[in-house]
Amino acid sequence: MDNNCIFCKIIRGEIPSRKVYEDEDILAFHDIKPVAPVHFLMVPKLHIPSLMEAGQGHQAVLGKILALSGKLAQEQGAKDGFRTIINTGRVGRQEVYHLHVHIIGGPDPLPAMLKR
Ligand code: AMP
Ligand code: ZN
């Protein structure tokens, strides 16, 4: 836990969120500024700042997030697919330094991933 981390505060219930899913390892909640009809974030409860700091000890929780993402996305209405995004560090334009997976469903179809 990081006292100054906004997502740790959400996990501790100190800042409200619209919860999608919670268990002992993971919290999922709607993005406050959605870019799509379905846009929620999945975070490990453990404070891992970014994928740059992720290591072997985090394999289980990171795998758990991905393994659950499809079920939650479909429950939230992304019936025909969605995009997962993990922004990492300055180059990845990460804004919140608590590792999170964006689950983005729509618009249908999403634009190409990156311009070639
Ligand atoms: P990024 O770090 O660039 O991957 O994006 C951080 C995401 O967190 C943005 O999409 C924000 O809209 C979202 N966000 C920031 N604060 C909150 C909050 N209090 N509740 C929900 N989502 C948030
Ligand atoms: Zn945190």
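If you read the sequence from its start, that first residue is 1, and numbering goes on from there. Being a predicted model, the structure only gives us computed values, none of them experimental.
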Legend entry - Nearest heavy-atom neighbours spanning Ala28 and Leu72: CB-CD1, 4.0 Å
For a quick test of your reading: what N or O donor-acceptor pairs under 3.5 Å do the side chains of residues 30-38 make, sequence neighbours left out?
{"residue": "Asp31", "atom": "OD1", "partner": "Lys33", "partner atom": "N", "Å": "2.8"}
{"residue": "Asp31", "atom": "OD2", "partner": "His39", "partner atom": "NE2", "Å": "3.4"}

Inset, instruction - Can you measure from CG (Leu27) to CZ (Arg12) and round to the nearest 0.5 angstrom? - result: 12.5 Å
Legend entry - Heavy-atom check, side chain of Ile26 versus side chain of Lys45, under 4.5 Å: no
Legend entry - Linked, directly or transitively: Ile48 and Leu51 (ILVMFWY side chains, under 4.5 Å): yes
Legend entry - Thr84 side, atom OG1; Ile103 side, atom CD1 - distance, nearest 0.5 Å: 6.0 Å
Inset, instruction - Keeping to residues at least two apart or across chains, list the ring pair (Phe, Tyr, Trp, His ring centres under 6.0 Å) pairs with something in residues 46-90. - result: His47-His98
Legend entry - Smallest separation among heavy atoms of Pro44 and Ile11, with atom names: O-CD1, 3.7 Å
Legend entry - Tyr21 ring center near Phe40 ring center (under 6.0 Å): no
Legend entry - Exam field: side chain Lys79 to backbone Gln74, donor-acceptor pair closer than 3.5 Å: yes
Legend entry - Between OG on residue Ser69 and CD on residue Gln76, distance to nearest 0.5 Å: 12.5 Å
Inset, instruction - Answer with yes or no whether the hydrophobic clustering places Ile86 together with Leu68; edges join I, L, V, M, F, W, Y residues whose side-chain heavy atoms lie under 4.5 Å apart. - result: yes
Inset, instruction - Side-chain contact test, heavy atoms from C-beta onward, threshold under 4.5 Å: evaluate it for Ile10 versus Val43 and give yes or no. - result: no
Legend entry - Greater than 12 external heavy atoms within 6.0 Å of Asp80's CG: no
Legend entry - Heavy-atom side-chain proximity of Met113 to Ile85 below 4.5 angstrom: no
Inset, instruction - Assess whether atom CG of Asp108 is packed by more than 12 heavy atoms of other residues, nucleotides or ligands within 6.0 Å. - result: no
Legend entry - Leu46 with Phe7, same ILVMFWY side-chain cluster at under 4.5 Å: no
Inset, instruction - Rounded to the nearest 0.5 Å, what's the gap from CE on Met42 to CG on Leu62? Could you check? - result: 11.0 Å
Legend entry - Asn87 and His102, any side-chain heavy atoms less than 4.5 Å apart: yes
Taking only distance into account, with no hydrogens and no angle test, what donor-acceptor pairs under 3.5 Å do side-chain atoms of residues 88-97 form with protein atoms, sequence neighbours excluded?
{"residue": "Gln94", "atom": "OE1", "partner": "Gly89", "partner atom": "N", "Å": "2.9"}
{"residue": "Gln94", "atom": "NE2", "partner": "Pro49", "partner atom": "O", "Å": "2.9"}
{"residue": "Gln94", "atom": "NE2", "partner": "Val96", "partner atom": "O", "Å": "2.9"}

